[in-house]
Structure formats: structure tokens, C-alpha cells
Amino acid sequence: MTLRVYNTLSAAKEEFVPLVPGKVRMYVCGVTVYDFSHIGHARANVVFDVIYRYLRYLGYDVTYVRNYTDIDDKIINRANRDGVPFHEISERFIREFDHDMVQLGLQLPTIQPKATEHIPEIIALVQALIERGVAYQAGGDVYFCVEKFDGYLKLSGRNLEEMQAGARIEVDERKRHPMDFALWKEAKPGEPFWVSPWGNGRPGWHIECSAMSMKYLGESFDIHGGGKDLIFPHHENEIAQSEAATGKPFVKYWLHNGFVNINAEKMSKSLGNFFTIREVLDKYDSEVLRFFLLSAHYRSPLDFSDQNLTEAESGMERIYKALAGSAEFAGGDEIPTDLDPQSLTDAERELLAKNAAFQERFREAMDDDFNTALAVGHVFDLVRSVNRVLAESGRERREAAALLAAAGGNIADTGSVLGIFTSEPAAYLERIKARKTAELAISVEEIEGLIAERGTARKAKDFKRSDEIRDYLLARNIVLLDGPQGTTWQVK
RNA sequence: GGCGGCGUAGCCAAGUGGUAAGGCAGAGGUCUGCAAAACCUUUAUUCAGCGGUUCAAAUCCGCUCGCCGCCUCCA
């Protein structure tokens, strides 16, 4: 089995072969830290977190770099608005971003560089571009000369003429070509600046990623990722700057994730139709959100809605209930390690077969351009078999215990790559219940009091009163479950 | 205007040449005092529409319709 990835550069799925065997160097464009991150940022970061995890699962030694853009017009604007120095804004929202990523269960990238801490590297790169004759100074600005780079627009598959025809931006008189972009921007009065050969100024948006990625990963590396909206101009310009400076291919595989939509429209700051990560985590468990984000292929658009999140929550509950049920089989008598299919029930044989095939099915799904949606489908398929054994085999069947433990292990392995199913099943279910209970208009004391009363009524075969209580609670979103160990309750 | 993507059941969603995964919701059954949960069965002769290529197409080609994205900052 080999990993195949969709490469934006070739517009096709390609076999993944790292430049250095056994090692993967990957760079993902992080956020501009001027405000809270929204669900779109969550998706991009979760997607690349899963890619990072899967590459390591495959045994690669992965160096993962994700930057913070901590100097930029939007940060300066916000700082002016709030009347504070720009770094107060960027430092604050770096902390907030980090907090959100922890909440989402992301593993830390190997390196998280900041643009402002790499000004010397940026200046050196700009200087190299000027020396090579592909960049020029205009006043205190420095521009990249797009006509000097043959491969310009090879990533987005456009051409300069078309781009200009639809251009919506006013052309700066000082540019030699309307599409030339800034490598270095002169500081206006009152703006933060760094001293450079071209006067006081700050880096353009694109150059930081070229400088930092090449510093940590070398002039050529394996994977560069980000949202689809970064293909043009950001990544296009990164290619131009980097390859013009080094004369070497910059990145082998370009990976881009699709957007999160609201009512089929892209979630974005400018449309104002966004939800921040913390808003959503206030309402849904972080595993539910991750699960939702991974329920579609990473390149597809994904529609964010309460209904879809609620469905994801139901799905997660189904999986955790199966895991919780399996856990009850653990312990007790010794679990056999060698199973004779002859001694198994139909349901157990089915689970034996699903367990045996599981890892390969999971890898096949993930090898196909990180198809997490298919992988999740396989998990549900396994869960159905688990539930069947749970429903049919008694706890005295130690063969069943062995099979359920193996299934639990398979789901945990998947979860370690997807970053879900990582909680103790009982703890997860309690967590969800507590979250739902907090929204109820009825107290736990009242619920439990009524359940006790109903228990007495049931013992006395007073089913009228018993059903009355159940209906009363059901009307308040409380579902009762009568079991051999008594009655438990859930929030609908 | 240019370039690109998408359209699969009530909803979400895999599937890019070999005869439609999975989830949610629904229906029937088992279980239950009755329920719930779980299990079993069931729910697209069909993949926006129309043509074409092929022994064979949701999958390839063409056209039409609809939706979205990029071309300005954006994950």
C-alpha cells in the first residue's frame, strides 16, 4: 500500500514519495493573529493535524512547521483601534489561538515560528531577489517582478492576461507590472517598522513563509499546506519568491483544504457569517467538532449547521456506547488469545473477520488522499458488529471479551490518528450527559426523585403512575432506560 | 469576463470504468409490563438533465441547468 495525495500543482493524485526517504518536511500556513479563530481555521488545522498524525503513523520522521503571521495590516489596524502596540494584539491572539488548538486536541507542530522573529532572514531573501534581478526597489517598497519568473501562476493555473482582465484592485503606479507584489513595505508614520537596506519598513505578507519554511525545512521540501483560498495569491507568490531565489523546486506536494460553509457560502470574516471556535465549543464537545470536521473529505466543502453538529454528536455517542459496552466485558476471567472460529457464534465470527480486516481497510482509506470520511465509515461498520456481539453474547463468553477488546483496540488506533475516540468511554458519555443536563429546565434531584417514585410504582405494578412519570420526563427531554440494574436516564 | 470545483436517498456522506460504503432520520420485527437503548429487516433499478464513447459509466467526453469558490485580505 502506498500513500497517494492530491497535489494542487499537478491537479492530480500522486504517489507520495518524500525527497529524503523516511523523512517528511511539511509547512502549513498558520493564522494572522488579529482576532479569534473561527471554524474555518479549526478545519484547516484539524485536517493538517490528522495528516501530520497519519504520516507519523506510517512511520515517517515528520518535521511540521506552522507559522504565526504576527505583523500585518490587519494587526496594525486593530492595534490602532484599540490604542495598543501591535505586539500586544499579536501576542494576545497567539495565546488565544494556542488555547483553541489545545481544546481541539491538536498535537503541537515541531516548530511554530513567528514572522517578527525572522526579519533578518526575510531581509536576506529580499536582497537575494534584488541581486538576481527579479525584484526592484520603488521608494521604500520592494516588489517582486512577476514577469521575470517563468513559472508564475503554475499553481493556480491561470495566466497574467486573464488575471488583469478581472482585476478588482487599483494598480500602484510604482509597480512595473500590475501583478507585481510587495516583498517589503515602507512604514507609514506611526507604523511599526524594522530597519532595512530600503529604509524602515516591514515584510510583505508572502515573503515570511518563504523565509521561514526554507530556514527550517531547506530550499526544497515535501508538503506545503493551507486553505484553498491561499492558492492565489499567497502560495503562488511563495513559489515565485522561493524558486526565483534558489533556482530549485520549492515544494513537491501542495495540499489545500476546502472551506467550511454556512448555508453553502464560504465562512469568512468579510461576510460576517462565521462562528468562532470557542463559541462552538461552548455548545458542542471538541471531539464532536473534530468528528464533524473529519466526516467529509478534506478537500470538499463542509456545511456547518446545528443539525450537522447534532448528527455528529449522535454518531459519536453510538461509537462511545459500543466502547463503553465492550469495556464491561473486560476484567474477570482470563481472556483467550487463540480463538477457534468453530467455537464462535455467527456474530462473533463476523466481528473476528471485521477485526482482522480493519487495519488494512483503515490504511487503504487514509492512503487515498487522507479519506477520513471513508475511515469513519469503517469504524461504524465495526461498531455494528461490536453491538451485535454485545447484544447476543453473554459476559461469560470470554471469546466475546477477546473480540470486543480487539475491536476496541482497532477503534483506538483509528482514533489516535483522527484525534477522536481518545476519551474513556464512560467519561465521554458522562461529559456529554452533563453538557446536555446543564441545558435542562429540570434539576437532577427532581429527575432522580421521580425515577425513585416510578420504581416504587413499577414494583407495585402501578403502570399508570409509572408511565405518567416517564411521559412527564420525556416531555422535558429525559429518556428513561429500564435495565436489569435498575433505571438510568439520558438527555434526549 | 477568465479560471476552477460541485450537484449521489428526507438529510449528511464515501465511491473516478465492472454493476450504489457508512451515519442521521423513518418504517416493520426481536427484546420490554409498555417504552428506551441495542440487534435484525427495510428505505436510491439509480447517482441534476440530455446526448455520446464502451461489452460495461455515478465514474470518461460534449452540451444544458443549478450552486459555490478564486481572480482584493482570507484556513
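What you see below is based on every heavy atom in this structure, not just the backbone, and it leaves out hydrogens, waters and symmetry mates. Just so we're on the same page: letters track the sequence lines, and every chain starts at 1.
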For [N] versus [M], give the span between their [atom1] atoms, rounded off to a whole number of Å.
N     : M     : atom1 : result
B:U54 : B:U59 : P     : 16 Å
B:C40 : B:C31 : P     : 16 Å
B:C47 : B:A57 : C1'   : 11 Å
B:A20 : B:G5  : P     : 28 Å
B:A14 : B:G49 : C1'   : 24 Å
B:G18 : B:A13 : P     : 24 Å
B:U46 : B:U30 : C1'   : 32 Å
B:C60 : B:C6  : P     : 9 Å

Opposite nucleotide pairing with [N], Watson-Crick or G-U, both atom distances under 3.5 Å:
N     : value
B:C39 : B:G29
B:C6  : B:G66
B:A21 : none
B:U53 : none

Any donor-acceptor pair under 3.5 Å from [X] side chain to [Y] backbone:
X        : Y        : answer
A:Asn237 : A:His206 : no
A:Asn67  : A:Gly30  : yes
A:Asp180 : A:His177 : yes

[N] base to [X] side chain: any donor-acceptor pair below 3.5 Å?
X        : N     : answer
A:Arg299 : B:G5  : no
A:Arg470 : B:C34 : yes
A:Ser466 : B:G33 : yes
A:Asp467 : B:G33 : yes

According to a strict under-4.0 Å criterion, is [X] in side-chain N/O contact with OP1 or OP2 of [N]?
X        : N     : value
A:Asn371 : B:G15 : yes
A:Lys269 : B:A75 : no
A:Thr488 : B:A37 : no
A:Arg318 : B:G23 : yes

Q) Counting side-chain heavy atoms from CB outward, which of B:C40, B:A35, B:A21 is closest to A:Asp482? A) B:A35
Q: Calculate the interatomic distance between A:Tyr52 atom OH and B:A75 atom C1'; express it in whole Å.
A: 20 Å
Q: Mind calculating the distance between CD (A:Glu392) and P (B:C31) to the nearest angstrom?
A: 14 Å
(Q) Using a 4.0 Å heavy-atom cut-off, does A:Phe48 contact any base of the nucleic acid, only the sugar-phosphate backbone, or nothing at all? (A) nothing
Q | Electrostatic pair A:Asp346:A:Arg349 at N-O distance under 4.0 angstrom | A | yes
Q) Does the cation-pi check pass for A:Lys154 over A:Phe149, that is, NZ or CZ under 6.0 Å from the six-membered ring centre and within 45° of its axis? A) no
Q | Stacked cation flag A:Arg318 on A:Phe380, 6.0 angstrom / 45 deg | A | no
Q: Please determine which of A:Val376, A:Val383, A:Leu382 meets the side chain to side chain contact (heavy atoms under 4.5 Å, CB included) test together with A:Ile319.
A: A:Val383
Q) Under 5.5 Å between ring centres and under 30° between planes: true for A:Phe463 and the base of B:G33? A) yes
Q.
On RNA chain B, does the nearest nucleotide to A:Glu350 precede the nearest nucleotide to A:Arg454 from the 5' side, or the other way round? Give the residue.
A. A:Arg454
Q. If you pin A:Gly30 and A:Asp368 to their nearest nucleotides in RNA chain B, which one's is more 5'?
A. A:Asp368
